[in-house]
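Report on the following structure.
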Number of protein chains: 2
Amino acid sequence: MTLNDPIEVTQTAYENSCGRASDPEVGGRAIREVLDRVGDKWSLLLIATLRGGRLRFSELQRHIPGISQRMLTRTLRQLERDGLINRTVHAEVPPRVEYELTQLGGTFIAIAEAVGQWAIENHAAVEAARAAYDERG
Amino acid sequence: MTLNDPIEVTQTAYENSCGRASDPEVGGRAIREVLDRVGDKWSLLLIATLRGGRLRFSELQRHIPGISQRMLTRTLRQLERDGLINRTVHAEVPPRVEYELTQLGGTFIAIAEAVGQWAIENHAAVEAARAAYDERG
DNA sequence: CGGTATCCCATCAGATACTG
DNA sequence: CAGTATCTGATGGGATACCG
């Protein structure tokens, strides 16, 4: 499979990726690979926030309430290392640093969309399930 | 939703979910809610593994190499509490316990598919980006 | 078979202080 | 402005032993 293949989720591709196919470990590793990359507390949110275009450090901090300076820096560095975002330092005083999704990072937006969408549609059901479970003890 | 439906996300729904809309915090919470639920090391993999139908505890353990008994139990309990899987205890000796996706859990399969698919298509590019980043220092 | 209970360590992540 | 450095408590998760 090449990088230029269209993104379409075929049954075969899924079987290869999710643990019931001939080699169950392939899918397990694939899923955990991507989770190790963007399954943390802030990565997905950062990708989603950068969807609209480049933003500078302080703008990201404002767009993502609750993130600490330390975690913003760390998450940005990790995403940069993984090739999902670009970091541009402008030689000015005061310094200006801008971040934007790479093309590779852009391919992940569909995932972020799907996750956000699922949350909106189903969080009420999950809350209800929790309440029921906790009440039963 | 059936398993073969494409993942379709409307622009409006996305804007509501990903931090550039009128209330940025809504999307942030939505995404982190679902990540807190299935963003851990094993949940998504478990959901993917249960896609093909009900499995008992020991079968799950065999299907997911590397998971400890403790983490399998913990993850199953959490997913059960959140209403994503059902746990059925058969009153037999020796005991038999089976797990299966609920309807709500089934709606999450599309996410698992998308994540697995993305990993397969892009993990080579990510590896290359990492190597390049690390070489530059 | 399908779990619990306990111990232990690595990593995560917030707070705070400092810097080019 | 955009970080780095350090400290600290919280959480994650494996290993092991035991149980109904």
Side-chain angles (χ1 to χ4, degrees), chain A residues 25 28-29 31-47 49-50 54-82 85-100 133 136-137, chain B residues 25 28-29 31-47 49-50 54-82 85-100 133 136-137:
Chain A
E25 299 196 38
R29 275 203 301 272
I31 284 187
R32 264 212 305 289
E33 248 174 61
V34 62
L35 280 183
D36 286 347
R37 214 142 269 132
V38 299
D40 60 274
K41 195 171 177 182
W42 301 109
S43 290
L44 198 57
L45 198 52
L46 221 72
I47 292 172
T49 304
L50 282 172
R54 54 173 49 180
L55 289 174
R56 52 197 297 185
F57 190 88
S58 52
E59 290 173 326
L60 283 169
Q61 215 165 6
R62 274 191 296 276
H63 273 288
I64 305 178
I67 195 170
S68 65
Q69 197 173 30
R70 168 186 149 92
M71 289 315 295
L72 181 54
T73 301
R74 280 175 54 100
T75 309
L76 285 169
R77 287 289 182 284
Q78 189 183 311
L79 291 174
E80 186 197 3
R81 176 171 183 249
D82 291 339
I85 64 174
N86 278 327
R87 176 173 181 266
T88 309
V89 183
H90 300 269
E92 302 171 3
V93 176
R96 185 170 104 252
V97 181
E98 289 184 318
Y99 296 89
E100 61 185 335
Y133 184 96
R136 291 196 308 267
Chain B
E25 299 196 37
R29 275 203 301 272
I31 283 187
R32 265 212 305 288
E33 248 175 59
V34 62
L35 280 182
D36 287 347
R37 215 144 268 132
V38 299
D40 61 275
K41 194 171 179 180
W42 301 110
S43 290
L44 198 56
L45 198 52
L46 238 121
I47 292 172
T49 304
L50 282 174
R54 54 171 51 181
L55 289 173
R56 52 195 297 186
F57 190 87
S58 52
E59 290 173 326
L60 283 169
Q61 215 164 6
R62 275 192 296 276
H63 272 288
I64 305 179
I67 195 171
S68 65
Q69 197 173 32
R70 167 186 148 91
M71 288 316 296
L72 180 54
T73 302
R74 279 174 54 99
T75 309
L76 285 169
R77 287 289 182 284
Q78 189 183 311
L79 290 174
E80 186 197 3
R81 177 171 182 250
D82 291 339
I85 65 174
N86 277 328
R87 176 173 181 266
T88 309
V89 183
H90 301 270
E92 304 171 1
V93 176
R96 185 169 105 251
V97 182
E98 289 185 318
Y99 296 89
E100 62 186 335
Y133 184 96
R136 291 196 307 268

* What is the distance, rounded to the nearest whole Å, between atom CG of B:D40 and atom P of C:dC12? -> 14 Å

* Structure fact -> Atom CG of B:L72 and atom P of C:dC1 are separated, to the nearest Å, by 14 Å

* Asked: What's the verdict on side-chain contact (heavy atoms from CB on, under 4.5 Å) for B:Y133 and A:D82, showing C-alpha distance, side-chain angles and the deciding distance?
  -> CA-CA 8 Å; B:Y133 184 96; A:D82 291 339; over 6 Å; no

* To do: Return each pair, listed once, that meets salt bridge (charged side-chain N to carboxylate O under 4.0 Å, His left out) where at least one residue sits in residues 88-99 of chain A; pairs must be two or more places apart or across chains.
  => A:R54-A:E98, A:E92-A:R96, A:R96-A:E98

* C:dT4 phosphate, OP1 or OP2, under 4.0 Å from B:R77 side-chain N/O -> yes

* To the nearest angstrom, how far is B:R56 atom CZ from C:dC1 atom C1'? -> 7 Å

* To do: State, with a plain yes or no, whether a side-chain heavy atom of B:M71 is found less than 4.5 Å away from one of B:R74.
  => yes

* Of the non-hydrogen atoms in B:Y99 and B:L50, which two are nearest, and what is the gap between them? -> O-CD2, 3.4 Å

* Contact interval (first through last nucleotide) of DNA chain D with protein chain A, 4.0 Å heavy-atom -> D:dC1 to D:dT6

* Is A:L45 close to B:L35 at the side-chain level, that is, under 4.5 Å between some pair of heavy atoms? -> no

* For C:dC12, take OP1 and OP2 only and decide whether either is under 4.0 Å from a side-chain N or O of A:R74. => yes

* To do: For the residue pair A:R77 and A:E80, establish whether any side-chain heavy-atom pair is separated by less than 4.5 Å.
  => yes

* Take atom CZ of B:R32 and atom C1' of C:dG14, then tell me their distance rounded to the nearest Å. => 13 Å

* To do: Taking all non-hydrogen atoms of both residues into account, name the closest pair between B:R56 and B:E59 and its distance.
  => N-OE1, 2.7 Å

* To do: For nucleotides 15-20 of chain C, just jot down a letter per nucleotide in 5' to 3' order: B, S or -, based on protein non-hydrogen atoms under 4.0 Å.
  => B----B

* Asked: Do A:L72 and A:L46 have side chains that get closer than 4.5 Å, going by heavy atoms?
  -> yes

